[in-house]
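Working notes, beginning with the structure itself.
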Amino acid sequence: MPSDRARGSGCKLEHLPAAQIGADGQFSPGRASRHLPRGERLPSLKKLDQAVSAAHTFFVANPQHLQMREDMEKYRRMSGVRSHSFRDLEAAPHWEAYEAGLQLYNADEYVQAVARLEESLSEALSALEDCRALCEGPREDEDEDEDEEEMQLGLYEAIAAHYIQVLKCRQQCVLEIATKPGRLSATEDFIPSHLDLLQFAYDQVGNQMLAAECAASYLLFYPTDEPVLEKMKQYRTELGEDTPVTARESIQQYVQRSLMEKKLIYYAVEHLGGTFNDPDLWTPDELIPESLKEKHREDQEKQKQENLDTEEREKRGPLPFEGIAVTMDSHQMNGTQRVVFDRVLTESECRDLLRLTKAAGEAGDGYRARRSPHTPHERFEGLTVLKAMQLAQNGDVDWRDAKLLLQASEKSRKIIESYFTPGKKLHFSFTHLVCRTAVDEKQEGRMDLSHPVHADNCLLDPEGQECWREPPAYVYRDYSGILYLNDDFQGGGLFFTEMDTVTVTAEVHPKCGRLVAFSSGKENPHGVWAVSRGRRCAVALWYTHSPEHAEQDRVKAEELMEQGAVEQDQTDGEERQRAGGRGRTSSEPPAPNSRARPMSQRHKPGSNGTQHSKELRARDEL
């Protein structure tokens, strides 16, 4: 099947330069303009409206293009740019109508919505026919080697293979028309979803006859759908039992033809070999030969996982810092919404934060190197960001180390937000510098975990294969992260499981600067292997989309950091004045600025009236 039909008959947009008209009306060919001599410009065309449309068209097909993303933001802020200028010049008619109809539908403007959705359905069926026509032609070489090994091609076999290839190509056309330009994955149930939306919209505008017709058409795809069957009963009652209600002829033909093609393909796969990736979720089980049903189910699950991975990739934003590497994504970790970043911290930064962990055991937030709440075989030490800043204010820890804890956790937040939820703010829910230390005399014959398997925003029920989002779980947490500081210990790795809490799907080994991040729900049950020797330290991080659940201790810690910076400047100024007063010939060395304490540190420890943070609940720790 031809592979480049979705974006029109012209050249592919992803190969065009990022060129558009600038805010001052000057033509800017993107990166190429950087090679022009300083002050030299290309001719101005002064066609801002066309520039915006060209930029928007390119951006739709290349949503991860960083330069164009910035240019689009500039255009949106310009006073002379109108909203209708942001139009896709190569938009497929059915997608243009579908998105407009969906917008009207969501705004409860059903009269206008049905017109655009009907237009979209008609254009989609027309685009489907165009795609199917292009399937006729000479046999393609792509992806044929595996099938040809199983099919010894004589004359009749070659004819059959060509015919089956045409049928497979026609079946895949529904995915092509259901894939929005610039996206990799298709919209599921694209044709049936039109009918479902139209059924409801017609019902809302009082046209029960057309609503019933759309419902009957939808039931051709999903004949056992309970809500639609109930609606059909309601429509028959309202219209009268004698009123004939039938599915649309175009939809009947579409379904009958598709089912016949599937029968032929499955027959060929069963008897002649080869493979078939069915693009439809609505294919009846009885159509699939018994010998292929298990493989079909596996293919469906694989396709579903690939779609989830694709959707996740499409949502990703660019990483906000250079040098950071994505070393494992969801696909490599056999799950969803999981990722591992490396080089988030340098070796020097890890050492500085490890120096700060010493205070966790001496004056931490309640545990103070006591036995872990999860196992008698380990000691546990913890330090919150607020406690760290308070210790710095009192002179118990280096001010720079406490500040680094705030900065490292904020850096991690920006990375996770950019990767998983670009454009949607993530707030800190809780930040905790945590160390777990193996108890030397308690490791022989050990069988438990450093932290049992759990999910971060729900109560895991492995027997019922469910996770209950209710208190005392932290139901408002959306994403979790662990920023590792060291690896000079045994055990202590993070692992993910299935809902049964015993089937391990992925493992992450700690090392300095490695950040593992994942969504906090039931899709990511996880635990920590036992720390059998040494001391494992990391910054545990939780995030939320809800501002009302943002970490208040962090706000106070940032205020202390700002206050400390001001006082540090004042102290440095006083030191410089004293040094200047002594003159250049003085043999007394100046006080090192890097260790100078803020003014507030002259008080005795604890005299500032601060209190220890209340003891954390045991399941808070990773």
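Numbering of residues begins at 1 and proceeds along the displayed sequence.
Tyr75 has its side chain within reach of Phe86: a pair of non-hydrogen atoms, C-beta onward, lies under 4.5 Å apart. Residues Leu386 and Leu560 are in side-chain contact: their nearest non-hydrogen atoms beyond the backbone lie under 4.5 Å apart. No side-chain heavy atom of Pro462 sits under 4.5 Å from any side-chain heavy atom of Val502. For the pair Ile482/Val539, no side-chain contact is recorded, criterion being any heavy-atom separation below 4.5 Å from C-beta on. Annotation: side chain of Tyr476 is in contact with side chain of Ser429 (closest heavy-atom distance under 4.5 Å). Between Val340 and Phe518, the closest side-chain pair of non-hydrogen atoms is not below 4.5 Å. Between Arg514 and Val508, the closest side-chain pair of non-hydrogen atoms falls below 4.5 Å. Under the 4.5 Å side-chain criterion, counting only non-hydrogen atoms from C-beta, Lys425 is in contact with Glu417.
In this structure, Arg554 is positioned above the aromatic face of Phe428, its NZ or CZ under 6.0 Å from the six-membered ring centre and within 45° of the axis. Geometrically, Lys411 engages Phe321 in a cation-pi contact defined by less than 6.0 Å to the ring centre and at most 45° from the axis. Note that Arg338 lies in the cation-pi zone of Phe496, set by a 6.0 Å cut-off to the ring centre and a 45° limit from the axis.
Counting only distance, with no hydrogens or angles, the side chain of Gln332 and the backbone of Asp329 share a donor-acceptor pair below 3.5 Å. Under the 3.5 Å distance criterion, the side-chain polar atoms of Arg343 are matched with a main-chain donor or acceptor of Gly323. Formation of a donor-acceptor pair under 3.5 Å by the His454 side chain with backbone atoms of Pro452 is found in this model. Judged by distance alone, with hydrogens and angles left aside, the side-chain atoms of Thr57 form a donor-acceptor pair with the main-chain N or O of Ser53 at under 3.5 Å. Between the side chain of Arg536 and the backbone N or O of Gly492, at least one donor-acceptor pair lies under 3.5 Å. Remark: the backbone N or O of Thr336 is paired with a side-chain donor or acceptor of Asn524 at under 3.5 angstrom. For the pair Arg446 (side chain) and Val531 (backbone), a donor-acceptor distance under 3.5 Å is present.
Atom OG of Ser519 sits about 9.0 Å away from atom CG of Asp478, to the nearest 0.5 Å. For the atom pair OG of Ser532 and NE2 of His377, the computed distance is 11.5 Å after rounding to the nearest 0.5 Å. Asp352 CG to Cys350 SG: the interatomic distance, rounded to the nearest 0.5 Å, is 9.0 Å. Distance check, rounded to the nearest 0.5 Å: OG1 of Thr501 to CE of Met499 gives 9.5 Å. To the nearest 0.5 Å, atom CG of residue Leu356 and atom CG of residue Leu404 are 8.5 Å apart. For the atom pair Glu470 CD and Asn457 CG, the distance stands at 12.0 Å (nearest 0.5 Å).
The minimum heavy-atom distance between Ser412 and Val344, with the atom names listed, is OG-CG1, 4.3 Å. The two atoms that bring Phe489 and Gly491 nearest to each other are CE1-O, 3.0 Å, heavy atoms only. Counting all heavy atoms, side chain and backbone alike, Val439 lies closest to Pro376 at CG2-O, 4.2 Å. Closest of all the heavy-atom pairs between Thr544 and Ser546 is OG1-N, 3.0 Å. Across every non-hydrogen atom of Arg469 and Arg477, the tightest pair is NH2-O, 4.2 Å. Summarising the geometry of Leu460 relative to Pro525, their closest heavy-atom pair is CD2-CB, 3.9 Å, with the distance given to 0.1 Å.
Between Phe495 and Trp529, the distance from one ring center to the other falls under 6.0 angstrom.
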Quick one: do Leu494 and Glu507 satisfy side-chain contact (heavy atoms from CB on, under 4.5 Å)? Show the steps, please. CA-CA 6 Å; Leu494 180 76; Glu507 296 185 58; over 6 Å; no
Report the C-alpha separation of Tyr479 and Gln337 in whole Å, then their side-chain angles, then the decisive distance to 0.1 Å, and conclude whether the side-chain hydrogen bond (donor to acceptor under 3.5 Å, both in side chains) test is met. CA-CA 9 Å; Tyr479 286 91; Gln337 299 279 290; 2.7 Å; yes
For salt bridge (charged side-chain N to carboxylate O under 4.0 Å, His left out), just list the numbers for Lys403 and Asp401, CA-CA rounded to whole Å, side-chain angles, deciding distance to a tenth of an Å, and then say yes or no. CA-CA 5 Å; Lys403 182 178 178 181; Asp401 296 345; over 6 Å; no
One pair to check against side-chain contact (heavy atoms from CB on, under 4.5 Å): Leu541 and Ser409. What are the steps and the verdict? CA-CA 7 Å; Leu541 304 153; Ser409 54; 3.6 Å; yes
Given side-chain contact (heavy atoms from CB on, under 4.5 Å), test Met389 with Leu406 step by step and report yes or no. CA-CA 9 Å; Met389 295 307 297; Leu406 276 172; 3.9 Å; yes
List the steps, then state whether side-chain hydrogen bond (donor to acceptor under 3.5 Å, both in side chains) holds for Glu378 with Thr437. CA-CA 5 Å; Glu378 297 174 17; Thr437 306; over 6 Å; no
Take Phe430 and Tyr474 through the test ring pair (Phe, Tyr, Trp, His ring centres under 6.0 Å) and record every step on the way to the result. CA-CA 11 Å; Phe430 190 56; Tyr474 297 98; 8.4 Å; no
For the pair Glu410 and Arg413, evaluate salt bridge (charged side-chain N to carboxylate O under 4.0 Å, His left out) and give the outcome as yes or no after the intermediate values. CA-CA 5 Å; Glu410 172 61 14; Arg413 186 197 67 79; 2.9 Å; yes
Under the criterion side-chain hydrogen bond (donor to acceptor under 3.5 Å, both in side chains), I'd like the reasoning laid out for His545 against His427: C-alpha separation, chi angles, the key distance, then a yes or no. CA-CA 6 Å; His545 287 309; His427 305 273; over 6 Å; no
Take Thr431 and Glu551, measure what side-chain contact (heavy atoms from CB on, under 4.5 Å) needs, and give me the verdict at the end. CA-CA 8 Å; Thr431 310; Glu551 184 178 22; 3.0 Å; yes
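A side-chain donor from one of Thr357 and Arg535 sits under 3.5 Å from a side-chain acceptor of the other. Side chains of Ser520 and Ser480: a donor on one and an acceptor on the other come within 3.5 Å. Residues Thr384 and Asp553 bring no donor and acceptor atom of their side chains to less than 3.5 Å of each other.
Glu444 CD: 12 or fewer foreign heavy atoms inside a 6.0 Å radius.
Aromatic ring orientation, Phe380 versus His432: tilted (interplanar angle from 30° to 60°).
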